[in-house]
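What you see is a predicted model; the values in this text were computed from it and never measured. Along the sequence shown, residues carry numbers from 1.
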Amino acid sequence: MVNNIVFDTKQKKTTILTICRHRLGHMGAVILALTLGTTRTAAQDTLSSTLLREVHISGNAAPSITRSVANTQVINEEQLLQQGALQLSDAVRHLAGVTLKDYGGIGGVKTISMRGLGSQFTTLCIDGVSVSDNRNGQPDLGRFLLTNTSYVSATTNSSTLKSARAAAAGSVMNMQSTPPTFFATQRTNLKAHFEAGSFGLISPGILLEQKLGNRTTLSVSGSHTTSKGNYPFKQYLSTSNTGNYLQLRRDHAASRLTTIEANLFHTFDPRRQLIVKNHFSSSLTQLPGAVSLYNTAIGSEHTTQQLFFSQARFTHLMGNQEELDKTKLQLIGKYQYCHDTYTDSAIVAADGVLHNHYTQQEGYLSAAMSHKPIRWLTLHAAADGAINTLESNLTENNDVERLSALTVIGFEAKHDKLTIDAKGIGLISHENAKTSGTTAPTKTTSYHRLSPNIGINFKPLKNSNLRLRYHFKETYRLPNFSELYFLTTSQDLRPERALQNNAGITFVTGSDSSLIRYVEFTADGYFNKVSDKITDIPTNNMFVWSMVNLGLAHITGCDIKATLNATFNEIDLRLDLNYSFQYAVDKTDPNGKTYYHQIPYTPMHSGGAMLYITTPWLEVGYDLTAVGRRYSGRQNSSSTLLDGYIDQGISLARSFNLKFGSIRVAARVLNLFDVQYEVIRSY
């Protein structure tokens with residue numbers, strides 16, 4: 001599926017990587033990849049020595065899995081490479097408790113639900129700064145590539161010196177970019193890659209890193225991804241997905257995504273650092289529509305999107321040389337612009353065809369500070385302010401403005417055996433909606449909320465890395481603009497309210513001198529209660545719907561993860577296992593037909609496994625993703641049942657050391673047993 005050629009001057013030797021992946025049957029694809037790096041001549045013994053100045057490096061380390069008071073998962077850069085993940089949505093499917101909603105194909109919309117709370121309870125952050133979408137609630141995870149990512153993390157609790165928006169979210173998913181690094185007198189790094197594969201997939205890209213001075217570095221990257229998306233599939237002639245079928249091919253499913261990004265890193269001194277990121281992406285996605293029996297009509301819909309944001313983050317460590325972490329300050333500023341267009345050529349409008357335009361803008365400021373009055377106690381506070389606007393060419397409520405402020409005040413008491421994290425979160429929001437040609441708002445809404453957040457992490461045994469944890473959090477999710485104003489009868493909606501309870505254990509052990517190098521085990525049980533759940537119901541007819549606060553949901557579940565790393569006679573083995581149980585039921589109306597029915601598209605059982613064996617001669621990999629039965633509607637019945645599926649893949653790799661460097665050859669087979677499945681019904 002992918003041809004990948006990468007030229008990377010960070011490497012001190014030439015490396016050639018070849019990857020071949022093959023999807024069988026209806027998902028047939030062949031993938032080849034090459035990675036190249038320049039050769040750097042080693043320094044000679046005759047070079048004179050120079051005493052270097054002491055340098056303090058401030059980075060963004062991945063969050064701790066064991067010391068956190070809440071469930072935290074991290075996928076590092078090495079694991080992302082082993083998985084062959086291209087988009088953010090490819091990586092998150094390996095996280096426990098995460099339900100991926102994928103509307104099919106490389107261009108299909110991809111959102112996630114963590115622990116049954118719904119996609120809009122999850123905040124997506126890039127380098128710690130959130131990416132907002134007030135029209136739909138959550139950005140499309142398929143729009144963000146993992147080309148220059150050091151890790152991806154997911155947690156239900158933010159630590160100190162984080163934005164108030166991250167603290168207030170039900171869960172936070174963060175993509176952390178890899179900062180530039182240079183060897184000796186090196187000033188330039190260049191990395192180019194080319195990926196191509198089945199169904200018209202082509203994705204070239206380039207990354208340039210330049211050292212502008214002793215304190216300033218710049219990285220500029222660009223990529224362009226296109227795909228026809230015309231994969232083959234079987235259309236069964238019965239609802240049981242057995243018996244006679246038609247062999248069809250997905251049509252009108254092409255997509256195009258262009259991304260350009262520039263990052264500036266400046267260190268004023270060992271205590272102060274500024275990071276500026278500018279991101280632009282442009283996409284076009286054809287919408288093939290749902291697959292329905294005997295429907296041979298070619299799709300007529302497509303969307304285009306232009307997204308731009310510029311963000312700056314300044315960090316300042318205050319205190320003397322021995323107390324650089326005593327007081328910390330973080331300032332964030334961001335501007336975001338997003339323009340979406342929906343077109344349906346089959347609908348005749350005044351200008352020929354239907355065009356719906358939506359323009360979102362956001363101005364965002366955040367300030368956070370932490371202070372240690374004593375060694376084991378950290379006091380912290382954060383305040384965020386944002387203004388969001390949405391303009392459209394719809395006839396009513398086409399000019400919306402939302403002002404919001406978030407405040408967090410809390411403390412963290414940390415000892416070798418005990419960590420207590422407590423905070424209070426305040427939310428104030430005010431919005432106006434107007435219609436073109438009017439001066440007064442057609443609708444005005446205000447929200448005021450205050451919610452608690454507390455977590456405990458305890459180490460009961462002195463000589464063991466076993467830890468116990470408990471976390472309680474109250475979260476509010478404001479209605480998005482689509483729920484409030486567009487394509488529905490406008491209603492006064494209250495925010496959804498979620499009470500999150502989590503209790504778990506973590507255990508880590510290992511030694512460099514033993515056969516078992518590393519063992520990690522985490523198990524968390526949780527209970528989430530979502531009230532005032534926003535639900536859509538028909539009004540006068542089945543074509544006009546209204547959004548109301550009727551829903552109540554109870555989600556009971558557990559997430560279990562285990563990692564084992566062993567080494568024997570130069571053979572390295574890594575095994576990752578995860579399992580999730582979610583009993584997410586509708587508790588809205590005891591007399592209703594959906595009472596105690598599983599929430600749509602939420603599997604009760606899911607899990608996965610990844611095994612990687614590295615030897616001096618060969619690298620072998622195996623991965624498995626299993627998703628249990630789900631229902632596509634609120635009423636659980638045989639007509640809404642979606643079968644579970646298991647997706648498996650294997651990989652082989654071999655590295656060769658050559659005179660001028662090394663070469664690595666790999667092969668990967670995805671969907672090993674040719675399983676056809678639906679994540680969303682009819683997609």
Side-chain angles (χ1 to χ4, degrees), residues 59-76 95-97 114-115 151 153-162 166-167 171-172 174 323-326 328 370-380 408 410-424 452-473 500-528 557-566 574-581:
N60 293 281
S64 172
I65 296 175
T66 58
R67 294 299 298 268
S68 174
V69 299
N71 179 269
T72 301
Q73 302 178 70
V74 177
I75 306 175
N76 60 36
L95 297 175
M114 294 188 66
R115 295 186 165 188
Y151 70 84
S153 65
T155 181
T156 56
N157 182 61
S158 65
S159 58
T160 60
L161 207 67
K162 299 296 183 182
S171 57
V172 179
N174 184 54
E323 298 178 336
L324 283 181
D325 63 343
K326 186 173 183 178
K328 300 178 182 179
S370 66
H371 175 68
K372 283 187 175 182
I374 53 181
R375 182 181 60 85
W376 53 269
L377 179 64
T378 301
L379 307 177
H380 60 89
V408 175
F411 72 88
E412 182 184 66
K414 180 176 285 188
H415 187 267
D416 291 341
K417 290 187 176 182
L418 180 66
T419 299
I420 300 176
D421 186 336
K423 58 178 73 80
N453 185 330
I454 186 169
I456 300 173
N457 186 301
F458 176 60
K459 182 180 178 181
L461 304 176
K462 180 179 180 180
N463 297 321
S464 173
N465 286 324
L466 175 69
R467 290 184 175 272
L468 309 177
R469 61 189 179 195
Y470 172 76
H471 181 230
F472 169 79
K473 185 176 188 177
Q500 301 171 246
N501 292 271
N502 182 94
I505 62 173
T506 67
F507 176 76
V508 174
T509 187
S511 172
D512 291 338
S513 59
S514 64
L515 172 64
I516 306 299
R517 301 284 297 275
Y518 180 76
V519 174
E520 175 189 295
F521 176 81
T522 64
D524 289 90
Y526 58 88
F527 173 73
N528 299 330
C558 69
D559 295 332
I560 301 174
K561 291 199 69 175
T563 298
L564 170 68
N565 182 242
R574 178 186 173 91
L575 175 64
D576 292 295
L577 302 171
N578 73 80
Y579 167 76
S580 293
F581 169 80

* To do: Identify the heavy atoms of Ile516 and Ala566 that sit nearest to each other, and give their distance.
  => CD1-CB, 4.0 Å

* Structure fact -> Output for pair (Phe472 CZ, Phe527 CZ), nearest 0.5 Å, gives 11.0 Å

* Would you mind reporting whether Lys423 and Glu412 have side-chain heavy atoms less than 4.5 Å apart? => no

* Chi angles and distances behind the salt bridge (charged side-chain N to carboxylate O under 4.0 Å, His left out) call for Lys561, Asp559 -> CA-CA 7 Å; Lys561 291 199 69 175; Asp559 295 332; over 6 Å; no

* Asked: Between Asn457 and Arg467, is any side-chain donor less than 3.5 angstrom from a side-chain acceptor?
  -> yes

* So how far is it from Leu466 CG to Phe521 CZ, rounded to the nearest 0.5 Å? -> 10.0 Å

* To do: Check whether any side-chain heavy atom of Gln73 sits under 4.5 Å from a side-chain heavy atom of Asn578, and report yes or no.
  => no

* Nearest-0.5 Å distance, CG of residue Leu468 to NZ of residue Lys459 -> 12.0 Å

* Should His380 and Lys162 be marked as a side chain to side chain contact (heavy atoms under 4.5 Å, CB included) after you check the CA-CA gap, both sets of side-chain angles, and the distance that decides it? -> CA-CA 9 Å; His380 60 89; Lys162 299 296 183 182; over 6 Å; no

* Given side chains that start at C-beta, do those of Asn174 and Tyr151 come closer than 4.5 Å, heavy atoms only? -> yes

* Ignoring hydrogens and angles, tell me if any N or O in the side chain of Ser580 forms a donor-acceptor pair with the backbone of Gly97 under 3.5 Å. => yes

* Side chains of Thr563 and Arg574: does their closest heavy-atom pair fall under 4.5 Å? -> yes

* Structure fact -> What one should report as the nearest heavy-atom pair of Tyr526 and Phe581 is OH-O, 3.6 Å

* Check whether any side-chain heavy atom of Leu575 sits under 4.5 Å from a side-chain heavy atom of Leu577, and report yes or no. => yes

* Asked: If you measure from NZ on Lys326 to OG on Ser370, what distance do you get to the nearest 0.5 Å?
  -> 12.0 Å

* Once you round to the nearest 0.5 Å, how far does CZ of Phe507 lie from OG1 of Thr522? -> 12.5 Å

* Qualifying residue for side chain to side chain contact (heavy atoms under 4.5 Å, CB included) with Val69, from Asn502, Thr419, Ile420, Asn453 -> Thr419

* **Considering all heavy atoms, the nearest Asp524-Asn71 contact** => OD1-ND2, 3.1 Å

* Over all heavy atoms of both residues, which pair between Ser158 and Ala167 is shortest? Give the atoms and the distance, please. => OG-CA, 3.1 Å

* Structure fact -> Sorted by chain and residue number, the side-chain contact (heavy atoms from CB on, under 4.5 Å) partners of Ala70 (sequence neighbours excluded) come out as Ser68, Thr156, Asn157, His471

* To do: Supply the atom-to-atom distance Arg67 CZ to Lys414 NZ, rounded to the nearest 0.5 angstrom.
  => 5.0 Å

* Asked: At their closest point, which heavy atom of Ser171 faces which heavy atom of Met114, and how far apart are they?
  -> OG-SD, 3.3 Å

